[in-house]
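Taking it in order: structure first as structure tokens, then the write-up.
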Amino acid sequence: MTHPHVFIDTGLEFIVDETGQLTHVRVTWAYDEFYSLLVLEDMKLDQDADGNLTESEKQFLSGFDAQWVEGYDGDLVVFSDNTPVALSGPLEPAVTTEDGRIVSSHLRAVEGDPVSATALTAKAYDETFYTAYEVTRPVTVTGPASCQITRIDPDIDGQLAQMQAFLLTLDADYDLEENDIPLVGESFATEIFVSCPNT
């Protein structure tokens, strides 16, 4: 019942064309050491336990986290001027390891109408908080050099205190599995703001 179970250091690359439209978002996930170990052992990779994968092992592992079930949003929401941006499923999956940690990346294409990059916001989170995403890897823009990136980090201690206070209000016999588990993941998400000028 304890959450989160998986910890992921996240990076984002916003790809903007010469007209100031967002075309793609590249997502990087660096999994925690324990989860990485479980995946590598389950797939019988890195048998010499040196934390490095051969090229064939990388190819075998590539896309292990890109088989999404229908309706899964990739634990990423992007808005343009407060309008949700439709993104494709994962494209061009790639994987490597860093100090024994699995680091995967994938590309997501903007779908539907063109999306202006003048006022983008993005959050990476799992609403159930089973997985904790922390934006500790680079957040970049590929495109106009004058794009600005700002971020608002969550008040982790404050959110944890609120969650603890809520849990203390519950009856000892309250069954979280039979009742709705509070969807708290967004409360722990870093908010990214990207602003690119119209060209």
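Quantities reported herein were computed from a predicted structural model and do not represent experimental measurements.
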Whether over 12 other heavy atoms sit under 6.0 Å from D99 CG: no
Would you say D113 has more than 12 foreign heavy atoms packed within less than 6.0 Å of its CG? no
Pairs satisfying side-chain hydrogen bond (donor to acceptor under 3.5 Å, both in side chains), at least one member in residues 31-43, at least two apart: Y31-D65
Checking L38 now: which residues fulfil side-chain contact (heavy atoms from CB on, under 4.5 Å) with it, not counting sequence neighbours? F34
With sequence neighbours excluded, what pairs up with E98 under the side-chain contact (heavy atoms from CB on, under 4.5 Å) test? V103, R137
Please collect all disulfide (SG to SG under 2.5 Å) contacts where either partner lies in [range], sequence neighbours excluded, each pair once.
range: residues 86-134; value: none
range: residues 10-75; value: none
range: residues 110-150; value: C147-C196
range: residues 19-76; value: none

Qualifying residues under salt bridge (Lys or Arg N to Asp or Glu O under 4.0 Å), relative to [X], sequence neighbours excluded:
X: D46; value: none
X: E70; value: none
X: E134; value: none

Is there a donor-acceptor contact under 3.5 Å from the side chain of [X] to the main chain of [Y]?
X: R151; Y: V135; result: yes
X: T97; Y: I102; result: no
X: S80; Y: L120; result: no
X: Q47; Y: K44; result: yes
X: S62; Y: P93; result: yes
X: T28; Y: S105; result: no
X: R108; Y: P90; result: no
X: E57; Y: T54; result: yes

Please report the C-alpha distance between I192 and K123 in whole Å, then the side-chain angles of each, then the deciding distance to 0.1 Å, and finally whether the side chain to side chain contact (heavy atoms under 4.5 Å, CB included) criterion is met. CA-CA 6 Å; I192 302 296; K123 288 183 180 181; over 6 Å; no
In this structure, would [X] and [Y] fall into the same cluster of hydrophobic residues linked by side-chain contacts under 4.5 Å?
X: V39; Y: Y130; result: yes
X: V27; Y: L107; result: no
X: I15; Y: V25; result: no

Hey, does L76 have a side-chain heavy atom less than 4.5 Å from the side chain of L12? yes
Over all atoms of both residues, closest heavy-atom pair of [X] and [Y]:
X: L22; Y: V110; value: O-CG2, 3.4 Å
X: V95; Y: K58; value: CG1-O, 3.1 Å
X: M43; Y: L61; value: SD-CD1, 3.3 Å

Any chance you could lay out the side chain to side chain contact (heavy atoms under 4.5 Å, CB included) test for L45 and F60, step after step, and finish with the verdict? CA-CA 9 Å; L45 300 174; F60 183 78; 3.9 Å; yes
Sole candidate of T190, D75, T10, D9 that passes side-chain hydrogen bond (donor to acceptor under 3.5 Å, both in side chains) when paired with Y133: D75
Taking atom CZ of F7 and atom CZ of R101, what is their separation to the nearest 0.5 Å? 11.0 Å
Scan residues 83-112 for pairs that pass ring-ring contact (aromatic ring centres under 6.0 Å, His included), counting only residues two or more places apart or in two chains. W29-H106, W68-H106
Pairing donors with acceptors under 3.5 angstrom, does anything connect the side chains of T128 and D126? yes
State whether a side-chain donor-acceptor pair under 3.5 Å links E111 with S88. no
Taking ILVMFWY side chains as joined if any heavy atoms are under 4.5 angstrom apart, and letting links pass through other members, which residues group with F193? I152
The test is side-chain hydrogen bond (donor to acceptor under 3.5 Å, both in side chains); show your working for Q148 and S195 and say whether it passes. CA-CA 5 Å; Q148 301 293 314; S195 177; over 6 Å; no
